[in-house]
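Below is one structure, written out as structure tokens; comments come after it.
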Amino acid sequence: MDFESNYEISRTADFIRTRNFTKVALQFPDELLKESTRVAKALRNELGKGVRLYVMADAAYGSCCVDEIGASHVDADCVVHYGHACMSPTSTLLALFVFGKASIDVNACAKSLRHCLSTANKPILVLYGLEYAHALENLKTVVAELLQLSVSNSGVHFAEVACSSINPSGDKMTDKKQLYSHNGVSDNEEVHKYEDGNTSLISVNCNTLEPCTKYSLGGLIWTMPVGHKMEDYLLLWIGSENPAFTNVVLTFNNCEIVRYDAEESNLLKDFADQRRILKRRYYLVEKAKDANIVGILVGTLGVAGYLRIIQQMKELIEGAGKKSYTLVMGRPNSAKLANFLECDVFVYVSCAQTALLDSKEFLAPVITPFEAVLAFSRGSKWTGEYVINFQDLTASTTSDVVNDTEEARFSFIQGGYVEDIRPLENGGEHKETSLALAEATEKALNLQNQCTDSVLFKGKATSGAEFFAARSFQGLNMQYENPLPQSYVIGRTGRASGYEDEK
Amino acid sequence: MVKFTVEELRRIMDMKHNIRNMSVIAHVDHGKSTLTDSLVAAAGIIAQEVAGDVRMTDTRQDEAERGITIKSTGISLYYEMSDESLKNYKGERNGNEYLINLIDSPGHVDFSSEVTAALRITDGALVVVDCVEGVCVQTETVLRQALGERIRPVLTVNKMDRCFLELQVDGEEAYQTFQRVIENANVIMATYEDPLLGDVQVYPEKGTVAFSAGLHGWAFTLTNFAKMYAAKFGVDEAKMMERLWGENYFDPATKKWTNKNTGSPTCKRGFVQFCYEPIKQIIRTCMNDQKDKLWPMLQKLGVSMKSDEKELMGKALMKRVMQTWLPASSALLEMMIFHLPSPSKAQKYRVENLYEGPLDDVYANAIRNCDPEGPLMLYVSKMIPASDKGRFFAFGRVFSGRVSTGMKVRIMGPNYVPGQKKDLYVKSVQRTVIWMGKRQESVEDVPCGNTVAMVGLDQFITKNATLTNEKEADAHPIRAMKFSVSPVVRVAVQCKIASDLPKLVEGLKRLAKSDPMVVCTIEESGEHIIAGAGELHLEICLKDLQEDFMGGAEIVVSDPVVSFRETVLEKSCRTVMSKSPNKHNRLYMEARPMEDGLAEAIDEGRIGPRDDPKVRAKILSEEFGWDKDLAKKIWCFGPETTGPNMVVDMCKGVQYLNEIKDSVVAGFQWASKEGAMAEENMRGICFEVCDVVLHADAIHRGGGQIIPTARRVIYASQLTAKPRLLEPVYLVEIQAPEQALGGIYGVLNQKRGHVFEELQRPGTPLYNIKAYLPVIESFGFSGTLRAATSGQAFPQCVFDHWDMMSSDPLEPGTQAAQLVSDIRKRKGLKDQMTPLSEYEDKL
């Protein structure tokens with residue numbers, strides 16, 4: 001596919017020109033970085049000298065999100081995001097998305113689709129990776145020809161791309177939910193306003209005038225007549241097995257799903273791995289219920305509403321009688337997380353497609369805000385529903401009425417009832433932190449050495465201070481046995497990968 | 001047909017000297033429940049006529065169908081002694097009325113946790129032994145458990161009817177059999193010498209052994225016969241009792257007692273002459289319907305029959321006659337009343353076993369004195385499902401004070417630590433209830449020394465707890481029960497319909513509560529796991545879960561899963577090194593297997609993290625040949641900080657080492673929980689930290705750098721030390737006649753089991769076989785064995801030890817490798833083990 005159309009140079013240029021932007025940041029994921037200079041050059045040729053272009057790469061968080069912090073370093077007017085995108089709403093900057101165009105054999109795909117339709121006696125809903133959005137119109141025509149019917153009543157429904165640019169929503173709550181009409185990806189000239197970042201999926205925007213329900217997930221939107229449930233449809237996903245697909249599987253875990261792999265041109269039906277993810281997440285929620293100290297990991301500085309959700313998480317955790325610490329550490333890895341041994345669980349606030357972090361290497365589980373809500377609000381039960389986007393959480397959780405039966409909580413990790421620290425009894429907790437530290441130290445000194453093991457390694461600590469007090473090493477001694485300075489010794493030389501005396 | 005009212009019963013509950021709390025324990029199928037029923041019949045809850053046919057204590061339908069007891073059942077009985085029979089009673093008493101709180105327990109080994117729970121709340125035990133089969137495994141296990149809890153035993157030799165009807169053995173032979181049974185039991189009891197409890201052995205001549213036929217509802221102790229003959233011979237009862245057992249012979253021809261058999265044909269052992277033969281005669285006469293002979297004989301014995309009973313024929317007649325002559329209830333109940341301790345007597349010495357706190361505080365004293373006015377000390381030993389779905393009675397024993405309806409109590413759970421708020425609740429008792437067979441009766445309050453069921457506490461107690469008065473903040477809890485079996489067999493359950501998940505969760509919660517042994521947990525993969533003591537136990541649990549606790553919602557049950565352990569065979573072939581993510585820190589480590597018996601010592605708690613290092617060093621150097629200095633350098637145990645693996649510091653003069661200790665320990669806790677091969681727990685591995693290179697800046701040697709590195713180096717050292725799998729092994733005990741032996745050996749061989757003991761039971765055609773059988777092979781073992789021996793062999797399996805599998809799991813194609821790959825598949829891990837190169841770094 002030729003360079004010009006793949007990177008949509010002319011459309012991008014038009015987009016910038018019509019808005020009179022003078023500073024534009026071009027954000028590339030690592031795998032496309034090698035093309036960045038060509039793209040920048042091509043754009044410069046189109047735009048002329050008046051516009052300054054900056055190439056951004058190596059985003060602090062997922063490359064699918066718009067790196068607003070990076071762009072604001074150069075005070076850019078807008079960001080053009082290349083490659084795979086999660087389409088999370090931005091908070092301050094206008095963003096244009098160029099998904100790229102992956103090749104697809106439209107005829108083979110249409111045939112597979114027909115095969116699906118004939119075997120499953122359900123209508124089909126076609127969802128796809130955004131890199132295949134360009135082929136949608138083509139596919140529709142081919143399918144219509146193949147089925148000898150018009151697409152609308154063939155029982156095949158297609159999701160549409162919501163928009164290819166996102167207006168910032170700010171970090172304020174707008175109750176007005178507006179979703180302007182559009183004709184899909186082909187209509188690029190039109191500016192799509194996308195006001196409050198509501199990529200709601202189940203929290204349905206039900207319009208009584210039009211008898212349909214709107215769904216949207218990961219940049220795709222589709223409608224469904226009222227009365228139809230998602231379970232009534234067979235979902236066909238065109239694209240690779242990426243986080244976007246995992247999100248679809250998790251969110252619609254009740255639906256029958258097949259995947260069409262465009263590279264191999266074949267249909268796949270076995271998603272045991274993805275189903276397993278759901279069960280694994282369930283385990284993590286159970287584990288989180290036992291936690292005393294929760295670390296909130298800030299996994300985005302751009303996605304609209306992240307500050308609000310962090311605040312909400314803090315309140316939730318405090319309400320559950322647990323202690324929370326907010327940590328900003330860029331993209332989490334095992335070494336970074338292990339620096340916070342006292343945290344029994346981490347809540348990762350990030351965009352939908354980087355939200356599921358799970359690795360054998362992590363010492364403590366990392367859960368999403370939705371899972372945190374399940375874990376930390378008493379009496380909530382997992383019914384199978386799964387919400388990945390944290391924006392959808394803000395609305396749904398506040399109405400949660402917890403019917404507190406005063407029953408002790410049953411922990412499946414420990415196989416028995418456990419006493420949670422009741423938030424009410426913790427009224428005195430709002431003391432000075434320094435005082436708490438002193439108290440915890442005192443308590444630790446009073447208790448025999450024995451309890452430190454359970455505080456350190458079994459998650460019995462209730463605050464960072466208590467954990468610190470239990471540690472066997474608490475920093476250097478202020479009083480040295482020998483106050484005289486020691487004589488110097490010759491240290492090692494060389495590099496860490498192999499010092500000179502080791503070669 | 002309740003003979004007494006609740007008010008009457010409640011009145012006796014205050015007379016602490018007139019209460020007997022006792023459990024009935026025995027091997028499976030030795031007739032506990034049947035015998036219990038004849039006692040219940042005497043207390044008047046069911047009609048006298050049906051005793052022996054209806055098992056009153058087996059309240060569950062499946063119990064009735066299978067003919068085994070699954071749950072222990074408590075019943076309060078009332079018995080009034082005559083002045084005459086009490087005249088020899090030396091202990092304190094309060095009138096002639098007695099209250100007996102009896103608990104019938106299951107005999108199958110899978111349910112021994114029920115026995116444990118029953119023993120905790122009783123003071124005495126009626127040990128039932130089949131006169132033909134003798135003392136079996138489970139008899140021994142439960143007897144040991146009882147003695148460990150300081151429960152005083154009395155014995156009954158049961159199924160006497162088999163001697164007379166089935167085997168038709170003559171008197172002397174029968175005596176020898178009984179004598180052997182009693183001796184075998186005494187051998188076990190003799191090992192428990194306890195100055196406070198005194199002599200716990202049983203002697204027929206002292207009246208602590210009864211002879212019973214539960215099915216026919218009759219029983220006697222030598223006291224019965226001694227009373228009968230004492231007048232005739234003109235000696236006192238005690239003297240007569242002695243003559244009726246042991247080496248005392250009587251020759252009716254000479255009318256002389258001798259100490260050995262004179263050889264004259266009429267000279268017979270006292271027991272045979274005066275006890276066995278008369279019974280035999282009566283039974284024979286009844287069976288032959290020789291009524292003309294029978295009536296005069298009965299008249300001589302002072303037994304009068306009702307006229308309609310006289311119409312009975314054969315077996316029915318025999319049963320009726322024997323029940324009238326030697327009613328089981330009076331013989332057994334009198335034996336219990338005479339020889340088992342009252343709560344006030346028993347708690348004097350049991351307080352040491354029971355109370356965790358200082359033995360001189362107010363609570364210990366109240367327990368010791370069984371003081372109804374003292375502070376409440378109540379131990380909840382089990383939860384009993386109530387008739388309204390989902391709720392439970394908390395069933396237990398009041399050790400001191402009294403518990404009343406509406407009272408606010410402090411609930412101290414098993415994890416409660418005095419002075420802290422963990423696992424502690426203050427709630428009020430909605431209702432106090434006493435148990436009478438199938439009926440529950442509400443009472444205002446229950447004083448100490450009695451068993452009680454409480455309503456309204458079930459949402460705070462998983463399995464057991466200690467209750468005290470609301471204000472008694474400094475009371476320590478009563479010691480937790482120690483179970484003789486462990487939950488080694490596990491299944492994964494999930495619901496057929498995903499949206500039933502909340503039902504499943506709720507059901508599992510209730511299941512965990514309803515059974516003292518079952519453990520409901522969740523796996524890393526998100527599967528719900530039910531762990532039980534054996535196949536039968538699990539089967540019952542699953543049935544309960546689905547039918548009672550989930551309202552019939554469908555569940556999918558996996559095949560039984562056995563958990564393995566990972567260990568090492570040799571010392572690591574080299575010192576392995578791993579670098580931290582920033583490459584600035586290096587850990588050098590080696591793994592080696594622990595000395596034989598050390599892992600077990602840690603399991604038992606003889607060695608653990610809480611020991612005084614000096615004591616620990618002493619044990620390690622004396623028993624396991626450790627260097628004394630080295631023993632002080634143990635950093636930690638794991639997993640869960642108490643497990644049977646450890647890290648030992650072998651470094652010399654390393655800077656900042658103390659700084660990374662916590663991080664290494666954290667890495668070790670994590671790694672020892674999930675071994676390198678199949679993420680099973682490690683067992684019996686000692687990790688030696690050989691050397692450490694650390695970055696000079698503290699910021700570069702923080703937890704984030706060290707913890708993952710410690711984990712990697714531990715895995716690397718495990719993999720270089722010839723890793724092996726340990727599988728759990730059952731001790732199987734089988735009792736079968738000789739002709740079934742061939743079948744038994746065949747099945748055992750096929751299931752990788754091996755026999756290590758085969759003994760013929762003296763005086764019987766039965767063989768006792770002991771064998772080891774891998775737990776993983778035990779599924780369906782009972783069935784196969786039954787089929788192979790045409791139903792003559794019945795195995796009892798108890799978890800015994802971990803056994804190393806000889807094959808190398810790292811070598812493809814071996815049995816161990818196959819197992820590892822199966823486990824990994826089930827856990828959803830990558831099929832291939834992570835190779836050593838991922839964990840080990842090279843310079």
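Just so it is clear: chains get the letters A, B, ... in the order the sequence lines come, proteins before strands, and each one is counted from 1.
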Examine whether an atom of Glu286(A) lies under 4.5 Å from a heavy atom of chain B, and if so say whether it belongs to the side chain, the backbone or both; otherwise answer neither. side chain
Would you mind telling me which of Val518(B), Ile660(B), Asn582(B), Thr521(B) has the largest number of heavy-atom pairs within less than 4.5 Å of chain A? Thr521(B)
Looking only at heavy atoms, which two atoms of Trp670(B) and Phe362(A) are closest? And how far apart? CZ2-O, 3.4 Å
Please classify the contact between Ile522(B) and chain A as side chain, backbone, both or neither, with a heavy-atom cut-off of under 4.5 Å. both
I want to check something: taking the side chain as every heavy atom from C-beta on, are Glu524(B) and Tyr283(A) in contact at a cut-off of under 4.5 Å? yes
Spacing of CD1 belonging to Ile707(B) relative to CG belonging to Asn339(A), to within rounding of 0.5 Å: 7.5 Å
Quick one: which of Ala338(A), Ser334(A), Pro365(A) has the most heavy-atom pairs under 4.5 Å with chain B, could you say? Ala338(A)
Under 6.0 Å from the NZ atom of Lys827(B), do we count more than 12 heavy atoms belonging to anything else shown? yes
Basic-acidic side-chain contact under 4.0 Å: Lys279(A), Glu523(B): no
For the interface with chain A, which of Thr709(B), Val519(B), Ile706(B), Asn658(B) has the highest count of heavy-atom pairs at distances below 4.5 Å? Asn658(B)
Under a 4.5 Å heavy-atom cut-off, does chain A meet the side chain of Arg711(B), its backbone, both or neither? side chain
What distance do Glu361(A) atom CD and Arg712(B) atom CZ have between them, rounded to the nearest 0.5 Å? 8.0 Å
When the aromatic ring centroids of His528(B) and Tyr282(A) are compared, is their separation below 6.0 Å? yes
Select one option (side chain, backbone, both, neither) describing which atoms of Leu363(A) are under 4.5 Å from chain B's heavy atoms. both
